[in-house]
Amino acid sequence: MSFLKPKTHIEQGDVVILYLSVNSMHAIEAVPTIVNKKGETIVHIFQTPYGSLKVENIIGVEYGSRVELSKGYAHVLQPNPELWTQTLPHRTQIIYTPDISMILHQLEVRPGAVVIESGTGSGSLSHYFLRALKPTGHLHTFDFHEARADQAREEFRRHGLGDFVTVYHRDVCNLGFTNELDGVADAVFLDLPAPDLAVPHAFKALKLSGGRFCSFSPCIEQSQRCIEVLTKLGFNEICSMEVLQQESVIKTRTLPVIDLEFLKAPKEVETNTNEDAKTKEPKELKKYLTSSNPQVLPGHTGFLTFATLPPNIPKA
């Protein structure tokens with residue numbers, strides 16, 4: 001239940017982030033025993049590059065504490081959506097924090113809102129939605145793959161989020177979001193191979209008072225087809241964007257100070273002699289803090305297409 005609210009100590013059954021370094025974190029379940037591949041119940045021992053951890057020993061420990069491994073140490077952290085995205089078991093490709101932050105902002109997700117998501121995938125974005133919607137909102141998330149939907153449903157239950165989410169196994173492109181969800185959503189998010197097929201169903205699901213729409217597509221052609229359908233249905237404020245995270249390169253550079261005093265004096269005939277060259281003073285140098293773009297830019301993730309459904313658009 002470690003995702004539900006802030007806690008001070010680890011309880012049995014909690015999901016705990018075992019932090020080794022910024023590039024090495026693991027999500028483990030705080031249970032004393034596990035069942036191995038042979039169906040045998042064994043002591044839960046987690047192996048790391050710095051030795052093993054007997055998981056039973058962290059139950060009752062305060063979150064943020066340092067715990068000893070057989071060859072080193074680690075820290076135990078309470079999970080949040082950011083840490084979960086970095087450590088979750090991948091059932092599909094996932095959306096990461098730079099894109100997710102823009103999605104939450106543009107969809108205006110807030111406590112009490114109703115959001116429809118398709119597809120659920122590995123649940124990376126779902127956990128961010130749930131944090132923003134609690135305690136009075138609800139997430140309806142759809143996946144066409146039955147096993148993935150079942151895994152996500154069980155995962156939300158173990159994380160203590162089951163009361164705020166309903167998971168559906170359904171092909172929304174052909175079957176829509178069920179009649180019960182017509183006109184109830186404040187926002188709809190699509191992560192589908194053919195989002196244009198699901199846009200009419202999203203149109204029906206949004207409230208009569210209007211709402212926000214977002215689609216994530218790796219190819220610009222998918223985004224173009226989606227925009228065509230959005231335009232026909234009366235959506236406005238349509239835009240597509242790509243979020244690229246870029247790090248500035250900060251360096252201290254030493255540059256010579258140019259002496260421009262000679263411009264103020266009348267021009268005289270220049271006489272360059274060896275003596276003049278010998279008596280020339282060294283140039284003054286100054287240090288400046290500079291910023292520049294890196295030589296290698298991050299690669300493409302996907303295109304985010306946003307749109308607004310104005311209020312009182314007739315829905316045939």
Side-chain angles (χ1 to χ4, degrees), residues 81 95 99-121 123-144 149 152-153 156 161-192 194-217 222-223 225-241 303-316:
I95 301 176
D99 286 313
I100 290 174
S101 60
M102 182 60 71
I103 292 167
L104 294 175
H105 170 66
Q106 290 284 347
L107 291 185
E108 301 174 358
V109 183
R110 60 198 180 278
V114 176
V115 175
I116 293 176
E117 174 195 28
S118 183
T120 311
S124 171
L125 176 59
S126 305
H127 281 77
Y128 286 84
F129 277 143
L130 288 167
R131 181 175 63 182
L133 294 169
K134 292 192 288 111
T136 53
H138 201 85
L139 173 67
H140 298 272
T141 182
F142 292 77
D143 203 292
F144 77 96
R153 188 180 297 110
F156 294 136
L161 301 171
D163 292 340
F164 310 103
V165 58
T166 304
V167 182
Y168 303 78
H169 164 231
R170 189 177 177 90
D171 179 2
V172 300
C173 290
N174 294 315
L175 302 175
F177 297 112
T178 75
N179 294 332
E180 291 77 13
L181 295 181
D182 286 354
V184 304
D186 294 286
V188 175
F189 172 80
L190 303 179
D191 182 4
L192 301 170
D196 52 297
L197 299 179
V199 170
H201 303 303
F203 174 78
K204 291 175 62 179
L206 288 168
K207 289 180 177 179
L208 190 62
S209 57
R212 290 285 286 164
F213 169 90
C214 175
S215 173
F216 177 89
S217 301
Q222 295 168 309
S223 182
R225 290 193 292 270
C226 183
I227 289 172
E228 289 176 359
V229 181
L230 288 168
T231 304
K232 289 178 182 177
L233 290 173
F235 284 82
N236 59 27
E237 297 179 338
I238 302 172
C239 71
S240 284
M241 65 180 71
F303 296 101
L304 293 170
T305 300
F306 296 101
T308 298
L309 181 66
N312 302 318
I313 295 291
K315 299 184 180 183

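What you see is a predicted model, and the numbers here were worked out from it, not measured in a lab.
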Visitor: As an exercise, state the distance from CG of D182 to CG of L206, rounded to the nearest 0.5 Å.
Guide: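 If I round to the nearest 0.5 Å, the distance is 10.5 Å.
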
Visitor: H127 versus L161: any side-chain heavy-atom pair under 4.5 Å?
Guide: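 Contact flag for H127/L161 side chains = yes.
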
Visitor: Could you check L208 against N312 for side chain to side chain contact (heavy atoms under 4.5 Å, CB included), going step by step and ending with a plain yes or no?
Guide: CA-CA 5 Å; L208 190 62; N312 302 318; 4.0 Å; yes

Visitor: Donor-acceptor pair, distance only, cut-off 3.5 Å: does the side chain of S124 make one with the backbone of I95?
Guide: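 Side chain of S124 to backbone of I95, a donor-acceptor pair under 3.5 Å: yes, one is there.
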
Visitor: Between I116 and V172, is there a side-chain heavy-atom distance shorter than 4.5 Å?
Guide: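 No; the side chains remain at least 4.5 Å from each other.
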
Visitor: To the nearest 0.5 Å, how far apart are NZ in K204 and OG1 in T178?
Guide: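 It comes to 10.0 Å.
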
Visitor: Determine the minimum heavy-atom distance between F177 and A205, stating which atoms define it.
Guide: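 Shortest heavy-atom separation between F177 and A205 comes out as CD1-CB, 4.1 Å.
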
Visitor: Just verifying a value: how many Å separate K134 NZ and R131 CZ, rounded to the nearest 0.5 Å?
Guide: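 Going from NZ on K134 over to CZ on R131, the span is 9.0 Å.
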
Visitor: Side-chain contact test, heavy atoms from C-beta onward, threshold under 4.5 Å: evaluate it for C173 versus L192 and give yes or no.
Guide: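 A side-chain contact under 4.5 Å exists here.
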
Visitor: Apply the test side chain to side chain contact (heavy atoms under 4.5 Å, CB included) to residues F213 and C226: give CA-CA distance (whole Å), side-chain angles for both, the deciding distance (0.1 Å), then the verdict.
Guide: CA-CA 11 Å; F213 169 90; C226 183; 3.8 Å; yes

Visitor: What's the separation between atom CZ in F216 and atom CG in L125, rounded to the nearest 0.5 Å?
Guide: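 Result: 10.0 Å between the selected atoms.
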
Visitor: Compare every heavy atom of S240 with every heavy atom of I227, then report the nearest pair and how far apart it is.
Guide: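 Heavy-atom minimum between the residues: CD1-OG, 3.5 Å.
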
Visitor: If you take all heavy atoms of A307 and I238, which pair is closest and at what distance?
Guide: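 Residues A307 and I238, closest heavy atoms: CB-CG1, 3.8 Å.
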
Visitor: Got a second to check how far F203's CZ is from F235's CZ, nearest 0.5 Å?
Guide: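 Those atoms lie 6.5 Å apart.
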
Visitor: So, the side chain of R170 versus the backbone of F142: is there a donor-acceptor pair under 3.5 Å, distance only?
Guide: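 Checking the backbone N and O of F142 against the side chain of R170, no donor-acceptor pair under 3.5 Å is found.
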
Visitor: Can you give me the closest heavy-atom contact between A202 and V188, atom names plus distance?
Guide: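 Looking at all heavy atoms of both residues, the closest pair is CB-CG1, 3.7 Å.
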
Visitor: Side chains of S217 and S223: any donor to acceptor distance under 3.5 Å?
Guide: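 No pair is found: no donor N or O on one side chain lies under 3.5 Å from an acceptor on the other.
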
Visitor: Do L139 and T166 come close enough that some side-chain heavy atom pair is under 4.5 Å?
Guide: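 Contact flag for L139/T166 side chains = no.
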
Visitor: For the atom pair OG (S126) and CZ (F164), what is the distance rounded to the nearest 0.5 Å?
Guide: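 Result: 15.0 Å between the selected atoms.
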
Visitor: Are any non-hydrogen side-chain atoms of D143 and V167 less than 4.5 angstrom apart?
Guide: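 Contact flag for D143/V167 side chains = no.
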
Visitor: Identify the two heavy atoms, one from C214 and one from F306, that lie closest to each other, and give their separation to 0.1 Å.
Guide: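 Scanning both residues completely, I find the closest heavy atoms to be SG-CE2, 3.3 Å.
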
Visitor: Heavy atoms only: give me the nearest E108-R110 pair and the separation to one decimal.
Guide: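 Taking E108 first and R110 second, the nearest heavy atoms are O-NH1, 2.8 Å.
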
Visitor: Taking G119's backbone N and O only, do any of them form a donor-acceptor pair with D191's side chain (distance below 3.5 Å, no angle check)?
Guide: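 No: the side chain of D191 does not pair with the backbone of G119.
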
Visitor: Between I103 and F129, does a side chain to side chain contact (heavy atoms under 4.5 Å, CB included) hold up when you go through it step by step?
Guide: CA-CA 10 Å; I103 292 167; F129 277 143; 4.2 Å; yes

Visitor: Carefully, step by step, assess T120 and R153 under the rule side chain to side chain contact (heavy atoms under 4.5 Å, CB included).
Guide: CA-CA 10 Å; T120 311; R153 188 180 297 110; over 6 Å; no

Visitor: Take R212 and D186 through the test salt bridge (charged side-chain N to carboxylate O under 4.0 Å, His left out) and record every step on the way to the result.
Guide: CA-CA 7 Å; R212 290 285 286 164; D186 294 286; over 6 Å; no

